[in-house]
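Note on naming: letters A, B, ... go to the chains in the order of the sequence lines (proteins, then strands), and numbering restarts at 1 for each one.
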Number of protein chains: 2
Amino acid sequence: MKEKVYITIHDLAKELDLAPSTISRALKDHPSIGAETRQTVKKLAKLRGYRPNIMAVNLRNQRSKTIGVLISWINRPFLSNLISGIEAEARARGYNVIISQTTDNLAIEQDNAKALYDMRICGLITSLSIETLEYQHFEQFYKSGTPVVFVDRVPVDFDGQKVLIDNFRAGYDATAHLIDQGCRRIAHIGGSLNQMLYKERLRGFLQALEDHGLSANPDLILSGKSLSREESLVMATELFKNGHSPDGVFGANDIAAVCAIQIAKKMGRKVPEDVAIIGFNDDPICEIVDPPLSSMYHPAFEMGKISVSRIIDSLNDTRQTEDFSILTTELIPRKSSLRKG
Amino acid sequence: MKEKVYITIHDLAKELDLAPSTISRALKDHPSIGAETRQTVKKLAKLRGYRPNIMAVNLRNQRSKTIGVLISWINRPFLSNLISGIEAEARARGYNVIISQTTDNLAIEQDNAKALYDMRICGLITSLSIETLEYQHFEQFYKSGTPVVFVDRVPVDFDGQKVLIDNFRAGYDATAHLIDQGCRRIAHIGGSLNQMLYKERLRGFLQALEDHGLSANPDLILSGKSLSREESLVMATELFKNGHSPDGVFGANDIAAVCAIQIAKKMGRKVPEDVAIIGFNDDPICEIVDPPLSSMYHPAFEMGKISVSRIIDSLNDTRQTEDFSILTTELIPRKSSLRKG
DNA sequence: CTGTTAGCGCGTTCAG
DNA sequence: CTGAACGCGCTAACAG
């Protein structure tokens with residue numbers, strides 16, 4: 001089964017009666033190599049189908065031109081879009097992408113971080129697990145000069161490059177939209193307040209209420225953990241069961257908002273007439289649910305590409321002027337929240 | 001920025017006054033090492049936080065304990081679940097996963113296959129691009145003894161390990177279910193007939209009709225390409241526009257079926273009373289759409305795990321008795337197709 | 001401009 | 001049971 005399949009610079013060297021190092025240099029356009037030998041070498045290399053042995057290159061260079069990605073679950077719309085963007089940009093720039101998922105478990109996140117570190121990844125892109133409140137497992141990367149980029153679920157009180165959206169602003173805009181549509185008793189279904197991101201969306205929500213002269217009703221402000229469908233159904237039910245009957249709901253993700261729509265309908269409320277609803281992320285389900293769900297577009301693919309650029313720029317010592325990339329979200333109004341002409 | 005961070009077997013050797021080779025053997029429980037030196041070595045290794053340099057190991061072994069994954073898009077429900085299963089199983093077994101997406105483009109698939117080959121991946125898992133009708137770019141792996149596992153979108157007329165579902169059977173079951181619910185003029189919205197998978201689903205569809213004494217109406221059998229939402233909306237519209245008015249629709253994926261529901265409703269047909277609809281994959285949208293969509297559960301995560309097992313078994317020369325893993329799909333009936341009690 | 005040499009860190013002969 | 005030596009394929013320092 002094993003043939004002579006891989007050809008090395010030694011093979012080329014022997015064939016051209018040159019030294020291996022000459023081949024190596026010729027192939028990477030080293031200035032001190034004659035134009036004609038360079039041509040000859042390149043020609044033969046192509047002819048023989050030479051391809052550098054990446055494992056040898058890695059060992060030699062002590063790094064692997066591989067970007068590590070550490071996220072909770074690959075199979076979530078936001079994250080799979082993020083990874084898709086990461087992969088697209090990385091491959092276009094000649095980098096590989098290695099992925100590991102933490103299943104939202106801190107211990108696994110720590111283990112996998114170590115494993116990626118051991119592989120000498122040249123950079124790490126991560127969106128924290130929902131449990132993560134300490135960040136020592138990232139320090140090894142800083143110590144060894146490996147750039148780290150935090151995306152979306154970023155740490156608090158821990159320096160580093162961050163790619164994220166303005167969650168306060170987005171929460172504010174979503175809420176203001178509901179108010180603009182005439183809602184006055186607005187509820188919020190949020191995620192874990194350990195997460196900056198959910199805290200900020202809530203803060204934006206509250207600020208919008210205040211700025212428009214509305215008072216926040218604590219009974220209408222719910223906080224879950226991961227905002228899974230199961231959890232969201234429970235919260236949505238609670239919301240419509242107690243006598244408060246909100247006339248607007250801002251869900252901190254689309255799953256929560258969809259559950260709100262479904263429960264509201266089940267309880268006999270009309271959407272958006274009785275209750276206007278808006279979500280967050282602009283997942284595909286927004287166009288599927290009836291009525292279609294308004295949402296805040298969250299540029300996942302784009303965030304992936306930017307994260308990769310940041311890694312590569314850091315490697316090239318192209319100093320970033322800023323540690324943050326704050327992307328803008330966009331309100332995507334659909335029928336679930338439109339009560340005016 | 002650079003400290004002495006990585007410690008090698010030489011460091012341990014010096015400290016214990018042993019030879020590096022002894023350390024190497026002790027660490028991997030080579031039989032010819034004394035029980036006590038073995039203990040001593042392991043203890044110190046743990047103490048000093050020794051971790052093998054994977055790049056060196058790879059170079060030495062001429063392979064990289066990395067499984068390559070070549071798929072069209074990471075951000076699609078079926079594929080992101082597949083990858084999630086692959087990653088989970090691979091990491092549990094000590095393998096890494098490197099991903100590359102082809103964007104359903106044959107040329108990119110070929111390039112990326114080459115790139116993965118160059119990395120000396122120890123195995124390849126792939127689901128073909130929609131365009132792929134030739135398979136030479138996989139032959140390099142066979143030649144070098146690298147196992148390849150095709151998943152879901154598998155090649156025709158090309159040998160190799162394959163992990164897939166029985167698409168004929170699944171198509172048959174979905175159709176039989178509609179017939180069982182009283183449908184008589186059943187339509188099919190299918191994907192590219194270049195793909196085995198869609199051809200088989202169609203074949204199952206036709207066979208079910210025949211077995212139940214129904215004749216197929218060519219006007220009710222549509223074939224798209226990728227079955228994207230845009231494409232599906234067009235096909236669904238066509239279906240309900242011409243005078244045929246199907247009383248049942250089998251969509252070859254959930255997107256198509258959801259579009260059928262939405263268009264049917266828009267055209268004033270009641271689902272499932274006027275037209276019963278069933279999809280394929282059991283994507284999350286099935287529970288979101290109104291009415292909830294019946295579907296064929298497609299064990300993506302599981303298929304990922306099995307694919308990894310096949311790769312690892314092949315590497316260990318654990319001969320597979322069969323080249324195929326045929327997983328079973330499961331009918332998940334929901335409101336969109338239930339017309340009986 | 002090109003060749004020689006010396007590792008990168010590990011595993012694996014072959015000796016003892 | 002252990003050590004010495006070599007090489008995986010490539011690159012970079014140092015000669016010429």
If you measure from the Lys or Arg side-chain nitrogens to the Asp or Glu carboxylate oxygens, is any gap between [X] and [Y] under 4.0 Å?
{"X": "Glu89(A)", "Y": "Arg93(A)", "result": "yes"}
{"X": "Lys143(B)", "Y": "Glu139(B)", "result": "no"}
{"X": "Asp29(B)", "Y": "Lys42(B)", "result": "yes"}

Using whole Å, what does the distance between atom [atom2] of nucleotide [N] and atom [atom1] of [X] come to?
{"X": "Arg63(A)", "N": "dC10(D)", "atom1": "CZ", "atom2": "P", "answer": "18 Å"}
{"X": "Leu27(B)", "N": "dT2(D)", "atom1": "CG", "atom2": "P", "answer": "14 Å"}
{"X": "Asp29(B)", "N": "dC1(D)", "atom1": "CG", "atom2": "P", "answer": "14 Å"}
{"X": "Lys14(B)", "N": "dA4(D)", "atom1": "NZ", "atom2": "P", "answer": "13 Å"}
{"X": "Leu59(B)", "N": "dC8(D)", "atom1": "CG", "atom2": "P", "answer": "9 Å"}
{"X": "Tyr6(A)", "N": "dC10(D)", "atom1": "OH", "atom2": "P", "answer": "12 Å"}

Are any non-hydrogen side-chain atoms of [X] and [Y] less than 4.5 angstrom apart?
{"X": "Lys114(A)", "Y": "Gln140(A)", "value": "yes"}
{"X": "Phe78(B)", "Y": "Met303(B)", "value": "yes"}
{"X": "Thr102(A)", "Y": "Glu131(A)", "value": "no"}
{"X": "Leu82(A)", "Y": "Asp152(A)", "value": "no"}

Earliest and latest nucleotide of DNA chain C, 5' to 3', sitting under 4.0 Å from a non-hydrogen atom of chain B?
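The protein-touched segment is dG9(C) to dT13(C).
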Give the angle between the helix axes at the two ends of the helix from dC1(C)-dG16(D) to dG16(C)-dC1(D), taking five base pairs at each end and rounding to 10°.
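About 50° separates the two local helix axes.
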Give a yes or no answer on whether the side chain of [X] reaches the backbone of [Y] with a donor-acceptor pair at less than 3.5 Å.
{"X": "Ser127(B)", "Y": "Val151(B)", "value": "yes"}
{"X": "Arg76(B)", "Y": "Ile74(B)", "value": "no"}
{"X": "Asn112(A)", "Y": "Gln101(A)", "value": "yes"}

Would you mind telling me which residue lines up with the more 5' stretch of DNA chain C, Ala56(B) or Thr22(B), judged by nearest nucleotide?
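Looking at the nearest nucleotide for each, Ala56(B) comes out on the 5' side.
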Hey, can you pull the residues of residues 31-46 of chain A with a non-hydrogen atom under 4.0 angstrom from DNA chain C?
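Result for residues 31-46 of chain A: Ser32(A), Ile33(A), Gly34(A), Thr37(A), sorted by number.
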Quick one: which residue pairs count as a side chain to side chain donor-acceptor pair (under 3.5 Å) with a foot in residues 14-26 of chain B, not counting sequence neighbours?
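Listed once each, the pairs are Glu15(B)-Arg48(B), Ser21(B)-Arg25(B).
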Of all pairs that satisfy side chain to side chain donor-acceptor pair (under 3.5 Å), the ones with a partner from residues 59-74 of chain A, not counting sequence neighbours:
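Passing the test, one end in residues 59-74 of chain A: no pairs.
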Reading nucleotides 11-16 of chain D 5' to 3', which nucleotides get B (base under 4.0 Å from a protein heavy atom), which S (sugar-phosphate only), which -?
BBB---
Aromatic rings Tyr135(B) and Phe158(B): how do their planes relate, parallel, tilted or perpendicular, breaks at 30° and 60°?
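Ring orientation of Tyr135(B) relative to Phe158(B): tilted.
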